[in-house]
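Letters go in sequence order (proteins before strands), and every chain restarts at 1. Since the structure is predicted, the reported quantities are computational estimates derived from the model, not experimental observations. We use all heavy atoms of the structure for the numbers below, so side chains are in, but hydrogens, waters and symmetry mates are not.
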Amino acid sequence: MVAPLLLNKLLAHGDTVGRIVEVEAYAGFEDPASHAFRGETPRTAVMFGPAGHLYVYFTYGMHWCANVVCGEDGTASAVLVRAVAPVEGVEVMRTRRLAARRDRDLTNGPAKVCQALGLDGAHDGADLVSGDRGVRLLDDGTPPPADPGVSTRIGISVGTEHEWRWFVADDPFVSSARGVRPRDPDGGVREVPRAATPPGGGPR
DNA sequence: CTATAGATGCCCT
DNA sequence: GGGCATCTATAGC
């Protein structure tokens, strides 16, 4: 699985940049939760193309979500970017996400990421390496976490047995993830989606 | 903090 | 027409 390797990479669009802190893998033909499970359609065409492009889809009548296509040509594997931590352009993100009352709400969900970074259907199929539409996937040298948090995926009704969600443990921008099963309750859960707030909070 | 309901439009059967 | 890879406001603890 290459999905957890995307953790701590940067997703950049224009003046806004976010560090990827939460992802989910979707495995095409083998995965009933994937949009590509039933084969190629106009909507899913990009996923069947080469890796390194962006698959952007529209859902729930109002939200855009973005994926990094990562399979070989024809395999339709994709990684959903579920959350990023703002790195640059926070002021711009605030103007795009007026509903966000706290900064953590700017980018702690897949549709929030697209709204904050200004991504929509116009970016479906964009090349993340050449940056042909202004969207790039960058590496600033920060390695992926050695021991990322793992859980089942969020918001799906099939394929729920796979623990194909990875996140940077303890990062405040990881989504709240209600109704998600952490890894192996009895076999040693390494991380839970949320770090418990220590008594007394942080510094003062 | 948790839980719930409603918004809203496209895709595919 | 059914079902969404979601988010927000609101209510209650």
Side-chain angles (χ1 to χ4, degrees), chain A residues 1-4 6-7 11 18 20-48 53-71 75-84 93-125 149-167 172-182 192-202:
Chain A
M1 280 290 179
V2 301
L6 286 178
L7 293 175
L11 188 58
I20 298 174
V21 297
E22 178 180 350
V23 295
E24 280 177 359
Y26 288 85
F29 289 122
E30 320 162 17
D31 180 5
S34 170
H35 292 162
F37 180 60
R38 289 178 173 80
E40 182 173 348
T41 67
R43 179 208 202 188
T44 62
V46 170
M47 271 196 286
F48 287 82
H53 289 243
L54 198 66
Y55 164 52
V56 183
Y57 67 89
F58 186 70
T59 191
Y60 290 105
M62 61 194 99
H63 297 305
W64 296 99
C65 296
N67 299 247
V68 176
V69 174
C70 64
T75 59
S77 294
V79 176
L80 173 67
V81 178
R82 285 200 56 89
V84 304
M93 294 184 191
R94 287 199 190 101
T95 66
R96 288 174 176 154
R97 294 230 355 100
L98 297 177
R101 298 175 161 251
R102 307 163 301 173
D103 273 358
R104 75 176 349 164
D105 294 320
L106 285 173
T107 53
N108 63 345
K112 299 177 189 178
V113 168
C114 283
Q115 203 181 350
L117 293 179
L119 300 175
D120 59 27
H123 304 96
D124 186 37
V150 181
S151 82
T152 56
R153 294 174 291 179
I154 298 175
I156 54 174
S157 53
V158 292
T160 54
E161 70 277 16
H162 297 120
E163 295 175 324
W164 284 350
R165 170 175 174 257
W166 291 270
F167 51 92
F173 289 89
V174 171
S175 69
S176 3
R178 296 191 304 242
V180 167
R181 179 162 41 87
V192 289
R194 283 297 204 195
T197 304

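Between A:Glu22 atom CD and C:dT6 atom C1' the separation is 13 Å, expressed in whole Å. Here the C1' atom of nucleotide B:dT13 and the NE2 atom of A:His35 are 16 Å apart, to the nearest Å. Distance A:Asp124 CG to B:dC10 C1': 14 Å, rounded to the nearest Å. The CZ-C1' distance, from A:Arg43 to C:dG3, rounds to 10 Å in whole Å. The CG-P distance, from A:Leu106 to C:dC7, rounds to 13 Å in whole Å. What separates OH of A:Tyr55 from P of B:dC11 is a distance of 10 Å, to the nearest Å. A straight line from OH of A:Tyr26 to C1' of C:dA5 spans 4 Å, rounded to a whole angstrom. Regarding A:Phe58, its CZ atom lies at a distance of 13 Å from the P atom of C:dC7, rounded to whole Å.
Not one side-chain nitrogen or oxygen of A:Arg38 sits closer than 4.0 Å to the OP1 or OP2 atom of B:dC11. Close to C:dC4, at under 4.0 Å from its OP1 or OP2, lies a side-chain N or O of A:Ser157. OP1 or OP2 of C:dT8 sits under 4.0 Å from a side-chain N or O of A:Arg97. For C:dC7, the OP1/OP2 oxygens have no side-chain nitrogen or oxygen of A:His63 closer than 4.0 Å.
You'll find that the side chain of A:Arg102 is closest to B:dC1, out of B:dT8, B:dC1, C:dC4. In this structure, of C:dC4, C:dA9, C:dA5, it is C:dA9 that holds the atom nearest to the side chain of A:Arg101. The side chain of A:Ser34 lies closest to C:dA5 when the candidates are C:dA5, C:dT8, C:dT6. Relative to the side chain of A:Met62, the nucleotides B:dA7, C:dC4, C:dC7 differ in distance, and B:dA7 lies closest.
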So what's the dot-bracket for DNA chain B: Watson-Crick or G-U pairs under 3.5 Å, [ ] if a pair crosses, | if it pairs off-strand?
-> |||||||.||||.

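Contact between A:Leu119 and A:Trp64 at its shortest, heavy atoms only, is O-CB, 4.1 Å.
Annotation: side-chain hydrogen bond (donor to acceptor under 3.5 Å, both in side chains) contacts of A:Thr59 (sequence neighbours excluded): none. Under the ring pair (Phe, Tyr, Trp, His ring centres under 6.0 Å) criterion, A:His63 pairs with no residue at all, not counting sequence neighbours. A:Arg97 is linked by a side-chain hydrogen bond (donor to acceptor under 3.5 Å, both in side chains) to A:Gln115, counting only residues two or more places apart in sequence or in another chain. Not counting sequence neighbours, the partners of A:Arg102 by the side-chain hydrogen bond (donor to acceptor under 3.5 Å, both in side chains) test are A:Asp105.
Among the protein residues, A:Ala33 comes within range of the nucleic acid bases, having at least one heavy atom under 4.0 Å from a base atom. Contact annotation for A:Ile156: backbone-only contact, meaning every heavy-atom pair under 4.0 Å involves sugar-phosphate atoms and none involves a base.
In this structure, the aromatic ring of A:Tyr60 is not positioned over the six-membered ring of the base of B:dT8 within 5.5 Å between centres and 30° between planes.
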Show me the donor-acceptor pairs, under 3.5 Å and distance only, between side chains in residues 27-36 of chain A and residues at least two apart or in other chains.
unit_1	atom_1	unit_2	atom_2	d
A:Asp31	OD1	A:Ala33	N	3.0
A:Asp31	OD1	A:Arg153	NH2	3.1
A:Asp31	OD2	A:Ala27	N	3.0
A:Asp31	OD2	A:Arg153	NH1	2.7
A:Ser34	OG	A:Ala36	N	3.0
A:His35	ND1	A:Tyr55	OH	2.8

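Exactly one of A:Val113, A:Ile154, A:Asn67, A:Val68 qualifies for a side chain to side chain contact (heavy atoms under 4.5 Å, CB included) with A:Leu80. That residue is A:Asn67.
One N or O on the side chain of A:Glu22 and one on the backbone of A:Ser175 form a donor-acceptor pair closer than 3.5 Å.
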